[in-house]
2 protein chains.
Amino acid sequence: MNNKNNKTNTIELDEKTRQFTSQCREAGLKVTPQRIAIYRELLKTDEHPSAEMLYEKVKKIFPSISLDTVNRTLLTLNEIGAAFTVVGSGDARRFDGGLHEHQHFRCVKCKRIIDFHHKPFDNIKLPAEISEKFTVLRKTVYLEGLCNLCG
Amino acid sequence: MNNKNNKTNTIELDEKTRQFTSQCREAGLKVTPQRIAIYRELLKTDEHPSAEMLYEKVKKIFPSISLDTVNRTLLTLNEIGAAFTVVGSGDARRFDGGLHEHQHFRCVKCKRIIDFHHKPFDNIKLPAEISEKFTVLRKTVYLEGLCNLCG
DNA sequence: TACTAAATAGTATTTACTCCTATTTGTCAA
DNA sequence: TTGACAAATAGGAGTAAATACTATTTAGTA
């Protein structure tokens, strides 16, 4: 292993880019240099960037690219499964009276957050690797998908 | 049971309000009617409201309340543990190249998202109650806390 | 009852994201 | 290879969410 963290090395990156190109064509998407650049910048980092963060990186390659293009492209990648949005990110902050132990299911379409309770999820055991290194304040099982009304 | 979902009935609500009052005083916070109203409106719903949603409700009681007050108050409640923010909500959308199966730890202070991988978390078994009712697209164990740099 | 620190109202600003439109470009078929 | 067309992009405008700022009000207390 000569690559730290989850970063992708050059050979892997080129291979992934080829796969990505096919994936675009299969999905009926055009293979634009901007799209490739955004994809590659995303793979090159392990910092889970926002659209804004990637925009700054891609701008070094395409100085005239717009933030909207970066954002739209990332959402498109998410749709074809070439990249993912970090679960739970990107929505307005929501609050919870939190009276009982429970877990959340979030509908990606209508954005409803629905409580459910499954006892085995109440006390998840963390690996020592994590609990030694970080102060874990909250741990939960989080589900996303389509609710009964949207599905 | 004559209360649907997680909604709190009147008796419970009054009891919770008393507890909340003590909790404020213990934390050195003033007990203002606005604060009480916000807290009670939060408990009365199971829709996991945003600050904006609660603002609309509380405005019926205090027509001149400001959105900022609602938002600040909710963040304060979260700090003293009288309410909770829904895990993962309230931040800019973040993306992930998602090359390998992994889970996320999010630092609440610096907002870094850190990957970790704990095999037992890869295939969580859902209760039938959920998988029958909803189309679950993603399921994950999500951790929040303080990272090694902020802790 | 009067003082003080904390909280609030109202407004302004910042940030994240989405929408709109004219222009450009990748793809496909002749 | 070229031309047509749908898709994608650039740039800017618009919208929503969250935060910051400041003058005023209020809860706690002595």
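Here is the naming used below: chain letters follow the sequence lines, and residue numbers restart at 1 for every chain. A quick note: this is a predicted structure, and the numbers were derived from the prediction, not measured.
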Give the ring-plane orientation class for B/F20 versus B/Y39, where under 30° counts as parallel, over 60° as perpendicular and anything between as tilted.
parallel

Non-neighbouring partners of B/R25 that pass side chain to side chain donor-acceptor pair (under 3.5 Å), sequence neighbours left out
none

Any side-chain heavy atom of B/C147 sitting closer than 4.5 Å to one from B/I114?
yes

Nearest-Å distance, CZ (A/R94) to P (D/dA18)?
10 Å

Under 4.5 Å between any side-chain heavy atoms of A/M53 and A/T45, yes or no?
no

Could you pull out the protein-nucleic contacts involving nucleotides 12-14 of chain C (nitrogen or oxygen on both sides, under 3.5 Å)?
none

Can you tell if the side chain of A/V86 reaches within under 4.5 Å of the side chain of B/F95, non-hydrogen atoms only?
no

Expected list for residues 22-36 of chain A near DNA chain D, using heavy atoms below 4.0 Å, is A/L29, A/K30, A/T32, A/Q34, A/R35

Among all residues two or more places apart in sequence or in another chain, which pass the side chain to side chain contact (heavy atoms under 4.5 Å, CB included) test with B/E26?
B/S22

Of all of residues 81-88 of chain A, which get a heavy atom below 4.0 angstrom from DNA chain D, listed by number?
none

What pairs of nitrogen or oxygen atoms, one from the protein and one from nucleotides 15-17 of chain D, lie under 3.5 Å apart?
none

Taking the side chain as C-beta and beyond, is there a heavy-atom pair between B/L75 and A/R93 under 4.5 Å?
yes

The salt bridge (Lys or Arg N to Asp or Glu O under 4.0 Å) partners of B/E129 (sequence neighbours excluded) come to none

Ordered by number, residues from residues 60-74 of chain A within less than 4.0 Å of DNA chain D (heavy atoms) are A/S64, A/I65, A/S66, A/D68, A/T69, A/R72, A/T73

Taking salt bridge (Lys or Arg N to Asp or Glu O under 4.0 Å) as the test, write out the residues that go with B/D91, two or more places apart.
B/R106, B/K111

For A/D14, check side chain to side chain donor-acceptor pair (under 3.5 Å) against everything at least two apart and list the hits.
A/R40

Listed by chain and number, what are the salt bridge (Lys or Arg N to Asp or Glu O under 4.0 Å) partners of A/R72, not counting sequence neighbours?
A/D68

Decide yes or no on side-chain hydrogen bond (donor to acceptor under 3.5 Å, both in side chains) for B/H100 and B/D115, but give the supporting numbers first.
CA-CA 10 Å; B/H100 316 286; B/D115 292 336; over 6 Å; no

What is the distance, rounded to the nearest whole Å, between atom OH of A/Y55 and atom P of D/dT9?
14 Å

Name every donor-acceptor pair, under 3.5 Å, that has one atom in a side chain of residues 119-126 of chain B and the other anywhere in the protein, sequence neighbours excluded.
from   : atom 1 : to     : atom 2 : distance (Å)
B/D122 : OD1    : B/Q103 : NE2    : 3.0
B/D122 : OD1    : B/H117 : NE2    : 3.1
B/D122 : OD2    : B/H117 : NE2    : 2.8

Establish whether B/Y142 and B/F105 are linked, either directly or via other cluster members, by ILVMFWY side-chain heavy-atom contacts under 4.5 Å.
no

Just to be sure I understand the rule, does B/L75 reach a base, reach only the sugar-phosphate, or reach nothing, if contact means heavy atoms closer than 4.0 Å?
sugar-phosphate

If you apply the rule salt bridge (Lys or Arg N to Asp or Glu O under 4.0 Å), what do you find for B/K60 with B/E41, and how did you get there?
CA-CA 11 Å; B/K60 288 173 187 160; B/E41 288 304 319; over 6 Å; no

